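We count ligands from 1, going down the list as the structure has it; atoms in each ligand are counted the same way. The shown structure was predicted, so the numbers you read here are calculated from the model rather than taken from an experiment.
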Amino acid sequence: FAKEKGKNQIQWFNQEISDKVERRLMLEQGLRKALLQEEFVLYYQPIVNVVTKRIVGTEALIRWKHAAGLISPLEFIQIAEELGHIVQIGEWVLRTACIQNKMWQGLARESLFVSVNLSVRQLEQDGFVESLQAILEETELDPRYLHVEITESAAIKNIHQALTVLQTLSSLGVSISIDDFGTGYSSLSYLEKLPIHTLKIDQMFIRSNQMAIIKAIIAMANSLNLCVIAEGVETKEQLRRIRDIGCSDMQGYWFSEPVQPQIIESFLLDTDLWSRFLEKA
Ligand code: C2E
Ligand code: MG
Ligand code: MG
Ligand code: MG
């Protein structure tokens, strides 16, 4: 009987592994055609200033509309990086976000920036700067409304190369944000070497209420003349605490999850919706 049971466990275990392998294969195969078949979509999450009570920008976040359901970037971005698809996908993300934001410039009373996540593979790619420049020209988006987000590890992986690329982006007028700041275990000296505009405090610090660290990041940002955005604000209480220590720009489920562009658009077109939304700030 024990033997039987053991055997079942092994079968069950194998089943789990083979499900994972199958899913991985499905993603790998699907990723090859996903761009051509226009299966990617961008969602946008508002970034809110709780002092001026305004939406200042949005972060563009990719999703994959697959026959098996909407797939999260947490599941496929790394695979796309490993398979080398990320450069083309990233270019699509940049172009789509710029076109979208340019269109919103015409609707909103105030201009929003759009913040786009970059993979380190894009930074390392020859011709990346040229391709970004071409997208800006083609979409006629004023570069100051484009922010790019990179992680600390991407910034310092090859600091010399990053420096050249980021300096060029910066001289074009594009703003550079450090995403998930505080979790990269890297030396802080890169903050003075690279042309960085904004630190995005990792949502982990907010979730676990590590106020001393959040305070220190805000103080450091202030003394380096950098902007700060707190990520992952989920409650009014968190909003208050973070606001009261001097950080006014935030994003998180408290305000809104990432939503389809039509939702952002309906807010831009409807003043009542817009001001009711901002009551949350
Ligand atoms: P990220 O850039 O740090 O984006 C923030 C993530 O936190 C998003 O997850 C967002 O939906 C989620 N989030 C926002 N507010 C809250 C909150 O209040 N609570 C919680 N629990 N989560 C919140 P998402 O969309 O699943 O994206 C995950 C990661 O995938 C992103 O993290 C980013 O690193 C990567 N990613 C997304 N889009 C792209 C892209 O276009 N290109 C690249 N290279 N990476 C992307
Ligand atoms: Mg991000
Ligand atoms: Mg982040
Ligand atoms: Mg993250």
Side-chain angles (χ1 to χ4, degrees), residues 31 34-35 39-48 50 57-65 69-101 113-125 128 132 135 146-155 157 175-184 196-209 214 217 228-239 241-242 249-261 263-264 280-281:
L31 270 175
L35 252 186
E39 291 173 349
F40 292 117
V41 285
L42 289 187
Y43 277 39
Y44 295 85
Q45 186 177 38
I47 300 171
V48 176
V50 298
T58 64
E59 177 174 0
L61 294 152
I62 195 170
R63 272 97 184 91
W64 181 7
K65 263 192 179 160
L70 203 62
I71 303 178
S72 149
L74 294 175
E75 205 182 347
F76 70 83
I77 287 290
Q78 202 195 325
I79 303 177
E81 283 172 348
E82 288 168 19
L83 298 182
H85 299 313
I86 195 67
V87 172
Q88 273 190 301
I89 296 174
E91 207 177 305
W92 176 86
V93 170
L94 271 168
R95 179 175 297 107
T96 307
C98 288
I99 292 172
Q100 186 59 261
N101 202 63
F113 66 78
V114 67
S115 201
V116 173
N117 293 284
L118 293 187
S119 150
V120 64
R121 290 284 298 266
Q122 287 174 274
L123 282 183
E124 291 168 350
Q125 182 74 21
F128 171 69
L132 187 140
I135 289 170
L146 176 63
H147 293 199
V148 293
E149 300 189 6
I150 55 172
T151 58
E152 285 172 82
S153 48
K157 192 177 165 216
S175 296
I176 293 138
S177 305
I178 299 296
D179 203 358
D180 305 339
F181 183 77
T183 55
I196 291 160
H197 182 262
T198 301
L199 301 181
K200 297 191 74 171
I201 305 173
D202 193 88
Q203 47 184 285
M204 180 195 82
F205 298 118
I206 285 97
R207 188 175 314 129
S208 49
N209 198 29
I214 298 173
I217 294 175
V228 217
I229 298 176
E231 289 195 84
V233 174
E234 293 183 349
T235 67
K236 182 89 196 194
E237 190 47 41
Q238 289 172 336
L239 179 161
R241 264 185 250 144
I242 291 163
D249 286 356
M250 306 179 191
Q251 73 186 96
Y253 293 169
W254 170 254
F255 306 101
S256 167
E257 289 182 10
V259 294
Q260 291 177 290
I263 307 273
I264 302 281
K280 285 193 155 185

TODO: Find, among atoms of D180 that are N, O or S, the one nearest to the Mg ion (ligand 3), and state its name.
DONE: OD1
Open item on the list: If we ignore hydrogens and angles and just use 3.5 Å, is the side chain of E124 paired with the main-chain N or O of R121 as donor and acceptor?
Closed with: no
Open item on the list: Please report whether the ring centroid of F181 lies less than 6.0 Å from that of F205.
Closed with: no
Open item on the list: Only N/O/S atoms count here: what is the atom of D179 closest to the Mg ion (ligand 3) called?
Closed with: OD1
TODO: For atom CD of E237, decide whether the heavy atoms of other residues, nucleotides or ligands shown that lie under 6.0 angstrom number more than 12.
DONE: yes
Task: V41, V116, I71, I77 screened by side chain to side chain contact (heavy atoms under 4.5 Å, CB included) with I62, the one that passes - done: I77
Open item on the list: For the metal site, I want the angle between atom OE1 of E149 and atom OE2 of E59 with the Mg ion (ligand 2) at the apex, to 10°.
Closed with: 100°
- [ ] Return the option from D202, L61, V116, L94 holding the heavy atom at the smallest distance from atom 31 (C) of ligand 1.
- [x] L61
Task: Ligand-side contact atoms (ligand 1) for residue partner P258, heavy atom cut-off under 4.0 Å - done: 11 (O)
Task: Interfacing atoms of ligand 1 (cut-off 4.0 Å, heavy-atom, Q45) - done: 14 (C), 15 (N)
Task: Option with minimal heavy-atom separation from atom 23 (C) of ligand 1, where the choices are Y253, Y43, W92, F255 - done: Y253
- [ ] Check if E257 has a non-hydrogen atom at a distance under 4.0 Å from any atom of ligand 1.
- [x] no
